[in-house]
Amino acid sequence: MFLKFKDEVSSILSDAIAGSGFQTDDLALGESPHADLASSVGFKLASKYKQSPKAISEKIYENIKLRTGSYVTRAEMAGPYINFFMSRTFFNETVRSVLFEKENFGSLDKKGKVILEHTSANPDGPLHIGHIRNSVIGDTLARILKRAGYDVKTQYYINDMGRQIAVVVWGLENFKFDETKKKDHAIAEVYINANKSLVDEKEHSPEVDGIMKKYEAGGTEIEGKFNRAIDTCMEGIKESLTRMNIHHDEFIRESRFVRSGEVNLIMDRVKALDRTALKDGAFMVDLKDAGIQKSLVIQRSDGTSLYTTRDLSYHEWKTTRCDRMIDILGADHKLISSQLKAVLRILGSKEPEIVIFEFVSLPEGSMSTRRGVFISADELIDEVEKAAYEVVDKKLPDRDEEFKRKVAKFVSIGAVRYDIVRISPEKATTFDWKEAVDFEKQGAPFIQYAHARACSIIKNGKDEGISFEDFDPNILLESQEIALIKKISLFENVIDNASRELKPNIVAIYARELADTFNQFYRFVPVITAEPEFRPARLALVECSRIALANVLDTLGIFAPESM
RNA sequence: GGGCUCGUGGCUUAGCCUGGAUAUAGCGCCGGGCUUCUAACCCGGAUGUCGAGGGUUCGAAUCCCUCCGGGCCCGCCA
């Protein structure tokens, strides 16, 4: 509904601008604490027309023609600003449309296909707290884009040809695999031991190189070994992802592009470029004209391919299958991804949109699976769940064990996801255990609680025989009611912005504001205990809030409980 | 050394791309509110040279330059 209001304001304003003889494409419309939408267009035109912003705004204002029965009730001058306000019709239609659309409320018109690649951690150990920043950002973006109308397929790109996985394969033949551990953790143990030994005894390194070359050449035996190693680790990784309510539609192995010959094809195309030169037996692409000083190696001197070469084929393959390609990558991929984009551009291919997130480090420094220095996602969730259980046990001492466990589970997953997604991806963070297990801050439980509270009111309303099948929305006049309707109407605008800018934190912030606005309504406006004539409309508004809260939580991949 | 990026109350953080009306919110701190629909809540208060300096502009947290501090990266790893 908000987008319709915005469209109407835009159309009214551009007509007024044209009517007063000015010309501009920029309506300078934005949200404001003083209005539902405000325009500072007077400022924009001031220098062009050599008049004061106020004088320009006044002329435009005089030409504003509001339409009867529209979503805009009035426009006001406030100094050089022109403010627009929502009408009763807008409020009433918002309430009705939310009740009608239910779980589809906030979903936008159909758009094209998106392939979104996220997580893609190497199968050499469990996901750690850095990886899950990728997973949570990626999964949330996928959910946002789905709501924005895209047909989204998520992919996990498995690097099965890199050195690390060869080390794992070698390690499995030389070290004990601990069957008692979760599989990805047992793989990590083997990987860590193998790396230690490789540092200590250099002679093992040629063995690893040999394994890599063998795998690139292919063959049943070597592929079987890799498959076992990868499948074992991926089983554990998938388990962790599922626990966090994260799902991938496809798992794509980079080796398939080598086997299919696509890597050779693209290498030949790159080699044919004038900018590609042979240096010390390796093929290197010059990208200086793209603003990248470092040239890119696409083929080793031994003839084998590199990560970027295979990634090039992967992206070429994706290009034909979607309208938008989105990759979620860690900050260490900044250079390599800009090189990838540059080469794709030179080849005349579509470039991916890349969302870079900064590192999560430990107080003592950066994490490393290879060195065994990391906090796994499993460990984090276990600890957060433990802390959540303590809180639940204190707050709900009379509830049965099963209920408390269930609540602790969804509260902890919500808290972990929310804590990650609320922060802008470009912010580097340092992990802090005290922060991680703190439930006092206004995070996911706050929003989940608001949803549970709304459910409870609706249930009580039903028990009291109050129905919102038939209600008069005009009776919703309290400031908290209006504020709540406005906030709910903003959801589609939030989805629209977040999907355009690929910023999941916009949705996280909105979710918190929505819960906040609902709580204020709850505190000041009685529903069940109100005078009978108010009950149906207010209960309807609670249902709208419940729907909005459920839909935002769903977009964040966080469970919306009926009680907690 | 070069490139990219971040720096906003004690702590965490929004806004920055697309400059505009008193800089967002939480934690913590101070004070108030449960015989009332779930108090994991609500209300009020204190706390800011928006890293520093310069520039552009009618107007800068936002754009440009320099510097300082943190993070990431820098040709045959991924």
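No hydrogens, no waters, no symmetry mates; every other heavy atom, side chains included, goes into these values. Computed from a prediction, not measured in an experiment: that's the story for all the values here. The chains referred to below are lettered A, B, ... by the order of the sequence lines, with proteins before strands, and numbering in each begins at 1.
Residue A:Ser456 has a polar side-chain atom (N or O) positioned under 4.0 Å from OP1 or OP2 of B:rU38. One finds no side-chain N or O of A:Asn159 lying less than 4.0 angstrom from the OP1 or OP2 phosphate oxygen of B:rA78. Between A:Tyr522 and B:rA39 there is a side-chain polar atom (N or O) within less than 4.0 angstrom of OP1 or OP2. The side chain of A:Ser424 contributes no N or O atom lying less than 4.0 Å from OP1 or OP2 of B:rC16. Side-chain nitrogen and oxygen atoms of A:Lys427 include at least one within less than 4.0 Å of the OP1 or OP2 phosphate oxygen of B:rA14. For B:rC37, neither phosphate oxygen OP1 nor OP2 lies less than 4.0 angstrom from any side-chain nitrogen or oxygen of A:Arg535. For the pair A:Gln164 and B:rC77, the criterion of a side-chain N or O lying under 4.0 Å from OP1 or OP2 is not met. A close approach under 4.0 Å does occur between a side-chain nitrogen or oxygen of A:Tyr449 and OP1 or OP2 of B:rA40. For B:rA78, the OP1/OP2 oxygens have a side-chain nitrogen or oxygen of A:Arg310 closer than 4.0 Å. Considering only side-chain N and O atoms, A:Lys434 lies nowhere under 4.0 angstrom from the phosphate OP1 or OP2 of B:rC27.
Atom NZ of A:Lys294 and atom P of B:rG1 are 15 Å apart (whole Å).
Electrostatic pairing of A:Glu385 and A:Arg405 does not count as a salt bridge here, judged by no charged N lying under 4.0 Å from a carboxylate O. A salt bridge is defined here as a Lys NZ or Arg NE, NH1 or NH2 lying under 4.0 Å from an Asp or Glu carboxylate O, and A:Lys213 with A:Glu216 fails to meet this definition.
For B:rU38, the base has no donor-acceptor partner in the side chain of A:His451 [N/O atoms by modelled type, under 3.5 angstrom]. Side-chain atoms of A:Arg523 come within donor-acceptor range of the base of B:rC41, with a qualifying N/O pair under 3.5 Å.
Within 6.0 Å of atom NZ in A:Lys459, 12 or fewer heavy atoms from other residues, nucleotides or ligands are found, so the atom counts as exposed in its surroundings.
Formation of a donor-acceptor pair under 3.5 Å by the A:Thr276 side chain with backbone atoms of A:Val270 is found in this model.
Summarising the base pairing, B:rC4 is matched to B:rG71 through a Watson-Crick or G-U wobble pair whose two defining distances lie under 3.5 Å.
In textbook terms, a nucleotide whose glycosidic angle is within 90° of 0 is syn, while B:rG10, being further out, is anti.
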